[in-house]
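Just so we're clear, the structure is a prediction, and the values are computed from it rather than from any experiment. Proteins get letters first, then strands, A, B, ... in listed order; numbering begins at 1 in each.
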Amino acid sequence: MLTIKNLHASVEGTPILKGINLEIKPGEVHAVMGPNGSGKSTLAQVLVGHEAFEVTEGEILFDGQNLLELEVEERALAGLFLAFQYPVEIPGVSNLQFLRTALNTLRKHHGQDELDAPSFMKLAKEKAKQVDLSPDFLKRGVNEGFSGGEKKRNEIMQMLMMEPRLGILDETDSGLDIDALKTIANGVNTLRADDRSFLVVTHYQRLLNHIVPDVVHVLANGQIIKTGDKQLAMELEEHGYGWLGINEAEAAG
Amino acid sequence: MAESNKPEDFVKHEYEAGFVTDIESDTFEPGLNEDVIKRLSQIKGEPEWMLEWRLEAYRQFQEMTEPNWQKVNFDPVDLQSISYYSAPKKDTDKPQSLDEVDPELLRTYEKLGIPLHEQKALAGVAGAGTPAEAEASSEGGGAYSNVAVDAVFDSVSVVTTFKEKLAEAGVIFCSISEALQEHPELVKKYLGSVVPRGDNYFASLNSAVFSDGSFVYVPKGVKCPMELSTYFRINAENTGQFERTLIIADEGASVSYLEGCTAPQRDENQLHAAVVELVALDDAEIKYSTVQNWYPGDENGNGGIFNFVTKRGMARGRNSKISWTQVETGSAVTWKYPSCVLKGDNSVGEFYSVALTNNYQQADTGTKMIHLGKNTRSTIIAKGISAGHSDQSYRGLVKFQPTAEGARNFTQCDSLLIGDKCGAHTFPYIENKNSSATVEHEATTSKVSDEQMLFCRQRGIDPEQAVSMIVNGFCKEVFKELPMEFAVEAGKLLEVSLEGSVG
């Protein structure tokens, strides 16, 4: 589904990713772990097309398409979804209006009819319930005055609505208590399917107790230095990143 | 795709109302003098007192100089190069019915989405596209259904619809020229009572040369049964439009009124210097909404309308209310401050405004709330959106006179910047001569951020739609004050004003 070959990317001339190779097959959940500053979030941002990052080398294929040639919105319509680490507020635009615009754009792209208002409401309420958001949140401005946890649940709710081919979670677990973490994990798990994959970027292993990955990668200094199964995450939890010879303090600098 | 996806690239303006109607007109030679005023008054068959009133205004005007304190730059207007009267040619008198109106004119208004056929209007023929939120509640009824329209083309009113239906309710809605013939006592009583002849440079000019405009009188206790609307269109070259609008709501009456405006795309600047006067007596309510879309000039700042307008409402009676709502996307230079004089005890003044400037547009706009009566209250919500190289200022005055015991004001000014070449400024003036008065002022400035754009686009929404959605969200508090038919229209207008080519 997703093939990353020798990906190099930099921001304002500073190299961040230094030759990433990664292959995600349909139905797989991959976790990318690593210390702060290792390039995890950059990888997520480059995949969706954040313009602050310049790809200097390598290629990304998504369902056989050259992803780097596509605009941000084209990548989204092709089935790429990013649950942002820091979801932005859009004052005055209700969650409902935003979601309905997004969903109907996607449906149109796939040659489907737009959802009428009642069917849309029904669907939105159902998905909100799945992540423990009260229907009141649907009427509020996008992320306007939401707590950190509410913002993250809102991201997952959007993912449940959009049903992407590849869901990317960028440190969705950061700042969440254990109940919220479980709620989010449940949301993601209901979406798991043979033709849908996930890339879960996280600093901590605890999210991976609930979203169990097929493959775990450890990223350090812009490169994948180790790949394994879920056991790798457990060992990291136990021994810390230093166990792989990574100086976390230095990497974070 | 490196730099081409900044929010500011999606706000290129396509002006859709920029066409010219090819129609024969009677137009005065350019120039301003007493003879021009006399001819104008004569053509309109005005009573003697009206001519005297105009000439006195002209005398006062000649003593004045063009103001220059506003934060806008433009070449001085040469008043001698403007024609002060232009009207579609008609051999006979004013058309008695729609069938007698030049079909070319009807087509012009149809093209602008303003149906002048009453039956079509009732059927909601405009069928405007509806933004998602308004959709649910407006489904079935298109824009402009149940709205009476007075269409003003250059210097004259060409037709007023739904007159009979309004007459049944006792409401007078006609052009001011007609009102001078049919109801001179009302015009004489109220004209200049809110904006005096010598009020300011452009108001005095208007008082001397105004050619047409709308007149509304809602009698005691009557709630006007439909929305009233005037649609102003400047067509002829080298003309100015000087319309005069006078709205009176007698005791316990209420009316909601909307004006819309467009002009053809021309390289020269054209002057629009209107005066609007509102009078609300005891327990009366006037809601005045504007959707202003005068030609703003091209993307290099050539041409466009100079919009120098004096609008003022007098909440004269106890418990009266005046509410201004405006959505302004047009004009090269805008300079206006719809104001409320809160004279009656417990009277209320409101000002809700969205102003969008793009390219090289300049706007210095805001409001004045003058509190005279006890327990008077005013609310100001002003939203400014600046894009391109445009420059926008909010200028507002809140004044409490010693008599304004217990008066209150709340002001909120928000500016939204798109790109980094535009400007937004706020000049709030507060004069308080009564220690029991309360005033609150909030102001914010924000930008359409790259992060917001990325967020929307990552959900599959294209950049133009994303900018439009963010801007609409920013304006929400004001849009909800517009009559339903026009809230949809305003959202659409904003969308069009923000339209541009991708990449």
Minimum heavy-atom separation for [X] and [Y], please, with both atom names.
{"X": "A:Leu82", "Y": "B:Arg459", "result": "O-NH1, 2.9 Å"}
{"X": "A:Glu73", "Y": "B:Ile461", "result": "CB-O, 3.9 Å"}
{"X": "A:Ala76", "Y": "B:Gly460", "result": "CB-N, 3.5 Å"}

Is atom [atom1] of [X] surrounded by more than 12 heavy atoms (other residues, nucleotides or ligands) closer than 6.0 Å?
{"X": "A:Asn66", "atom1": "CG", "result": "yes"}
{"X": "B:Phe427", "atom1": "CZ", "result": "yes"}
{"X": "B:Arg408", "atom1": "CZ", "result": "no"}

Region of [X] in contact with chain A, defined by heavy-atom distances below 4.5 Å:
{"X": "B:Gln465", "value": "side chain"}
{"X": "B:Cys456", "value": "both"}
{"X": "B:Phe474", "value": "backbone"}

| request: Decide yes or no on side-chain contact (heavy atoms from CB on, under 4.5 Å) for B:Arg457 and A:Glu51, but give the supporting numbers first. | output: CA-CA 12 Å; B:Arg457 294 175 66 198; A:Glu51 285 158 12; 3.1 Å; yes
| field | Reported CD-to-CD1 distance for the pair B:Glu451 and A:Ile90, which is rounded to 0.5 angstrom | value | 11.5 Å
| request: Take B:Gln458 and A:Phe84, measure what side-chain contact (heavy atoms from CB on, under 4.5 Å) needs, and give me the verdict at the end. | output: CA-CA 10 Å; B:Gln458 211 300 305; A:Phe84 284 85; 3.9 Å; yes
| remark: Turns out that what part of A:Gln158 lies under 4.5 Å from chain B's heavy atoms comes down to side chain
| field | Contact origin within A:Phe98 toward chain B - heavy atom pairs under 4.5 Å | value | both
| task | With the side chain counted from C-beta on, respond yes when A:Glu89 and B:Ser449 share a heavy-atom pair under 4.5 Å apart, and no when they do not. | result | no
| request: Take A:Glu155 and B:Phe455 through the test side-chain contact (heavy atoms from CB on, under 4.5 Å) and record every step on the way to the result. | output: CA-CA 11 Å; A:Glu155 290 294 286; B:Phe455 187 76; 3.2 Å; yes
| message | Could you go through B:Leu454 and A:Gln45, starting from their C-alpha distance and side-chain angles, then the distance that decides it, and tell me whether this counts as side-chain contact (heavy atoms from CB on, under 4.5 Å)? | response | CA-CA 10 Å; B:Leu454 178 72; A:Gln45 304 271 18; 4.0 Å; yes
